[in-house]
Amino acid sequence: MQLFDSTKLGLFSSLSNSSSLMYSGASFLLKPIFVRGFSGSLHLVLLLALVVSYVWKKLMRGDGGEGSGERFRNNKSYFYWYKNGWCDVKLVNLFDSVLRTLSWGALSVYLYTLNSDFLFYHKHESSEVRYLVSDIVSVFTALFLCYVGFLRHETQDSLLEQPFLNVDISSDTSNTPTLESNKSRGGDAVTTYANAGPFSVLTFYWMNSLIALGNKKTLDLEDVPQLDSLDSVFRGFPAFRNKLESHNGAASRVTPFKLAKALFLSTWKEILWTALLAIIYTSASYVGPYLIDAFVQCLDGRGEYKNQGYILALTFFVAKLVECISQRHWFFRLQQIGLRHRAVTTTMIYNKGLSLSNQSKQGQTSGEIINIMTVDADRIGEFSWYMHDPWLILLQVGLALLILYQNLGLASVAAFVATIGVMLINYPLGRLQETFQDKLMDSKDKRMRATTEILRNMRILKLQGWEMKFLSKILELRDVETGWLKKYVYNSAMIMSVFWLAPTLVAVATFGACMLIGIPLESGKILSALATFRVLQMPIYSLPDTLSMTVQTKVSLDRIASFLCLDDLQSDVLEKQPIGSSDTAIEIADGNFSWDLSSPSATLKDINEVLLGLLSSKTVIYVTHQVEFLPAADLILVTKDGKIAQAGKYDDILCLGSDFMELVGAHEAALTVLDSKQKGPASDTDVIMQKQGKNDYENGKSDKVSEPKAQIIQEEERETGSVGFPIYWNYITTAYGGGLVPFILLAQILFQVLQISSNYWMAWAAPVSKDVKPVVSGSTLIIVYVLFAIGSSICILARATLHATAGYKTATLLFNKMHLCIFRAPMSFFDATPSGRIINRVSTDQSAVENRIPYLIGALAFSVIQLLGIIAVMSQVAWQVFIVFIPVIAACIWYQRYYISSARELSRLVGVCKAPVIQHFSETISGATTIRSFDQQSRFQETNMKVTDAYSRPKFHIAGAREWLCFRLDMFSSVTFAFSLAFLVSFRSNIDPAIAGLAVTYGLNLNMLQASVIWNLCDCENRIISVERIIQYMSIPSEPPLVVEANRPGRSWPSHGEVDVNNLQVRYAPQLPLVLRGITCTFPGGKKTGIVGRTGSGKSTLIQTLFRIVKPAAGQIMIDGLDISSIGLHDLRSRLSIIPQGPTMFEGTMRSNLDPLEEHTDELIWEALDKCQLGDEVRKKERKLDSTVNENGENWSMGQRQLVCLGRVLLKKSKVLVLDEATASVDTSTDNLIQQTLRQHFSDCTVITIAHRITSVLDSDMVLLLSHGLVMEYDSPTRLLENKSSSFAQLVAEYTIRSNAN
């Protein structure tokens, strides 16, 4: 037949003519009989494999890993179930599934034979290339349709699996919850994706219910369905951990390769499916560029057979459908894989954080550990987008070069060289981008570490008036960060410019080569090449991004693996016996304990300790420096220099040496002061008070304030409804008042006009065929095209630079405004706001403003301009296309509005749900010792997995909603494109074929751009929520002014230090009751006043009001006759001094901790250190005043930290000094040292002391006793003690009873 007598395949004909290396037998492989036979065989094998796979899947339902045999034994066989009453409905369902599978296979064969029938019917010449295209399209269409046919979720058949839902998902550990308990988390239904059928999966119909609900109400987390078990970390983590430990055992060292391998093996099925979908998408995307030349020739009246135009139009349409559908499912499954990887990595890091040894913790700050969990784990999840790019780029470039070789011959070599050249240009830019990214992340880590420390100690900063100084420290760190950010965004602008110019640069090189080597340029071949260059644009752009992301992910894997390899606490040194098995409660044999295992000397050495416990009661181990409780102890251990110096009962060891006697002597000295105050014999009233005090002490009674409870920390506030236009306007006009925006848009419009003009010029000026005389010479054709390319380059460079400048400036200004508002916020804001929420805004939201939002808004504007350009080109050829454009665009807008309400709230929920993950991990790191002490690791691990799943739930459904929308938009654009093609074919006699081909070239991108406009619009509204959240913090109510210029106190104020409190009433929030209920008293200037009272009496509240941390509801405080509310906060707080209850040191140096404001000379600092008995200790350090202070001052003891706080007030030399239970954390000896220093250096100052030990206020001039927010007693301690019925005398009696108890 004529069909089989045709020449070799067109695709390879030029290769065979120009090469002598072709084997003689190769011609048979290229003949249609072999190609058709091979393709048909593939289809038959595919169908058989499909049936076998389906039956095997039904018989061996499971993960394909461990447990398959067990499931087979449970499920037995379908025939067994039928014999035992398996209902007809189930049999029908099974038959329907098999029939559906065969139908999909038959449909793929039908598509194959349909194309073949057309080719056979017309018996056209040289049709081998068409056969090749037919086979490629048919094979990949069949693969995709069969994939849809048997793609059924493992948990889909709920009727079959329902009885087994209460079985443990893993028998690995008892800590892993069962599916039943997993299902109870949140109490919500599992996502409909779990039971979705093929059609629902194909069209993302399973998202309809949630999107419809989002249109009826504002979505809350309770409305978002639970994850399917396969996507839940409760199931994913045990499998991942087993993969990680399967090769070398649980004790083996984790390496980046093992970690990556375990991640791959945990999701290998999904990864292979995405690889198949990527191949289908790539192949389908090149069908259009390959067939454009034939389409132009057909429109020019030189078609090879009848109705060729309609067949080509149908091929375009089917290829576009396959391209769109495969892309949507490819992207969705990539996001699904990323979520699973991030969840299991986060859980692994969390579990490791619970078991870290103290030495390992000292090597990394809590901020660095949190960064590993947030930044590095997130990057592992994000890499799923890039996992196929390395090999996919090679496939894309290879297909493009094949098409170019088919059309332009050896000129494709120039295209290849130009492509490599553009990639090489991108490579150094990509390496620079990687360097800038690393530096940016390092600087961000430092800023976040400082921010975390500041937020943790914000109350201290407010009390000392240091918050603005520490804000300047944050801004200095930010300056370093913005330096790298600036380089990063401008380098990104260069990369983006190369991306936009890549098709033009490659086209100039290719067409220039054609002119040099004499290859005729025809409009059809030019348009095919232009379309190919446009498809080639993405791999050219993505290569440096892929390389950069691969390197970043490798770095993250290294960091995570290094963290997982840190030493754990030695679990084998602790042996627990069953309760009641022995009289011994605790036994330590030859114990040596050290914070640093590499240190030559242990912290505790040669400890041998046996504690006996009564079986009927608990063994109490009390670590204390308050010796008044020791007489009641059965055994006392005195440690010195890391060893047990003395052991025994109180009376026994008191006589054995000086170590214990030194501690007891300091306590007895304090009691001596107490005894001197208590004059005269005990009266009957005194005896009664002592008995009452003793009874209260023994019965645990306390005079606590009984007040209605109210919650200070509220749920995180989030906006609802659409993001208002003011948010967009605020963002756009932040930098330079929006002055750069018109120039950015103008540059993009000019670029688009020049691009269309250059392509229009090539299509119009080049001949349709060899027989047509060219309109212009070849040199003129190329020169004009080059001029257009130069103009485009200038425009795109200008646009990219201006765009980067606007985005960078906007991010910087928003950062500065937000941080100023945070640091100026009242303390009530920090009391009601967990630090995780603030960190989320200054890290995640700020990063979005810097790296994502500028490009999204730019992409929206640029895609709109591109879409308008395509519409203009297509409407010029056939204005009737507007008949479809208008309703399609209207439908797309309707879908966008229908979708956005749900997507917007899901995005807000992601922001809300991320803070608990960070907060829980941060709290766990801080309290790991306590958690381990109570053996509650499993409970906290389960809580972490719950909050991780809670974060993944909206993330998963955002991905589903996004693809739900894009799928529908793609279908609309494909229909529009098909209508345009049909119109061009039907009315080709009145249309210039070259211009029509140009319209088709642009129409190939119609679906991408139309979806891009709508998607970018939606994504902008989702991402702009980060701006909304930042602006939300920019509207926090501020504290009163730091300085009131019209009412500044004199330099010597306060000169006397008298504090008058008049009818002071205070509450912490409008909804809370009064804490101080009308206090009136006067603290004499230059005198010591002690404030005492039981827990909740209002002592600390009074001090906070003095520093204006809390705003009074009524009343006033005056210092030396000046109302403190009338002056600025810094004028007030800088004139007062305070030693807070918790000794606080900041990361830095000893100098920066003593003098944060840098107001004093080194001589004065040394003098202060000597006064507080720290001078000798600091002089021992190698760097003296520049000695390092770690985070929270962890490398200094608690007592030393308290002495540093004392040194601060010695430097400040204020007339009014407040001690807020300043010695609560130190022993009596250090307490006496502090009291002695204060008496010596603050004898003429007003000292207000909140007492922790009653002895601390006995030498005060006045004692104020508060109860229930009221003044109960206020007099000298001597007078109060003389009145044996006074409340103060009762407190002293209780303290005496405790101290003298045996």
Side-chain angles (χ1 to χ4, degrees), residues 289 292-293 396-397 400-427 429 494-541 543 747-748 750-767 774-800 866 869 873 994 997-998 1001-1002 1004-1005:
I292 281 181
D293 185 24
Q396 291 170 324
V397 173
L401 291 176
L402 283 175
I403 294 175
L404 290 174
Y405 190 87
Q406 170 68 24
N407 289 317
L408 302 176
L410 291 177
S412 60
V413 177
F416 176 72
V417 173
T419 301
I420 297 299
V422 173
M423 288 184 174
L424 290 177
I425 293 174
N426 261 340
Y427 181 75
L429 293 176
M494 293 299 297
I495 294 175
M496 192 61 64
S497 299
V498 174
F499 166 72
W500 285 93
L501 291 174
T504 303
L505 297 176
V506 177
V508 168
T510 305
F511 297 150
C514 288
M515 296 302 301
L516 291 175
I517 62 180
I519 297 177
L521 289 175
E522 301 171 8
S523 59
K525 298 182 183 300
I526 288 175
L527 293 173
S528 177
L530 290 175
T532 303
F533 297 149
R534 196 176 295 275
V535 178
L536 195 60
Q537 180 183 26
M538 188 52 67
I540 290 175
Y541 167 72
L543 178 61
Q748 180 66 26
L750 289 176
F751 169 77
Q752 189 66 25
V753 170
L754 291 172
Q755 286 280 291
I756 293 175
S757 300
S758 63
N759 294 335
Y760 192 94
W761 164 257
M762 294 297 289
W764 174 82
V775 178
V776 296
S777 64
S779 59
T780 304
L781 180 71
I782 298 300
I783 290 173
V784 173
Y785 188 75
V786 170
L787 291 175
F788 278 125
I790 294 173
S792 299
S793 302
I794 295 173
C795 290
I796 203 63
L797 284 172
R799 191 271 287 168
Q866 285 182 289
V873 172
L998 180 64
T1001 302
Y1002 277 98
L1004 289 173
N1005 294 321

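Position 1 is the first residue of the sequence, and the numbers go up from there.
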**Q** Do you know the tightest heavy-atom contact between Asp293 and Ser528?
**A** N-CB, 4.3 Å
**Q** Output side-chain donor-acceptor pairs under 3.5 Å for residues 788-799, partner residues at least two apart or in another chain, one line each.
**A**
| from | atom 1 | to | atom 2 | distance (Å) |
| --- | --- | --- | --- | --- |
| Ser792 | OG | Gln755 | NE2 | 3.4 |
| Ser792 | OG | Phe788 | O | 2.9 |
| Ser793 | OG | Ala789 | O | 2.8 |
| Arg799 | NE | Gln748 | OE1 | 2.9 |
| Arg799 | NH2 | Gln748 | OE1 | 3.4 |

**Q** How long is the span from the CD1 atom in Ile425 to the CE atom in Met494, to the nearest 0.5 Å?
**A** 9.0 Å
**Q** Can you tell me if CE on Met515 sees more than 12 non-hydrogen neighbours from other groups inside 6.0 Å?
**A** yes
**Q** Over all heavy atoms of both residues, which pair between Phe511 and Tyr785 is shortest? Give the atoms and the distance, please.
**A** CD1-CE2, 4.3 Å
**Q** Going by heavy atoms in the side chains, are Leu501 and Phe751 under 4.5 Å from each other?
**A** yes
**Q** Counting N and O atoms only, with roles assigned by atom type, does the side chain of Ser758 sit under 3.5 Å from a partner on the main chain of Leu754, one being a donor and the other an acceptor?
**A** yes
**Q** Can you tell if the side chain of Leu521 reaches within under 4.5 Å of the side chain of Leu408, non-hydrogen atoms only?
**A** yes
**Q** To the nearest 0.5 Å, tell me how far Ile782 CD1 sits from Ser779 OG.
**A** 9.0 Å
**Q** Out of curiosity, Ile292 CD1 to Leu527 CG, how far, rounded to the nearest 0.5 Å?
**A** 6.5 Å
**Q** Give the minimum heavy-atom separation between Ser757 and Val753, together with the two atoms involved.
**A** OG-O, 2.7 Å
**Q** Quick one: side chains of residues 409-424, donor-acceptor pairs under 3.5 Å with protein atoms, not counting sequence neighbours, listed by atom name and distance.
**A**
| from | atom 1 | to | atom 2 | distance (Å) |
| --- | --- | --- | --- | --- |
| Ser412 | OG | Gly409 | O | 2.7 |
| Thr419 | OG1 | Ala415 | O | 2.7 |

**Q** Please round to the nearest 0.5 Å and tell me the distance separating atom CD1 of Ile403 and atom OG1 of Thr532.
**A** 4.5 Å
**Q** Would you sort out whether Thr504 and Phe533 count as a side chain to side chain contact (heavy atoms under 4.5 Å, CB included), showing the intermediate values?
**A** CA-CA 8 Å; Thr504 303; Phe533 297 149; over 6 Å; no
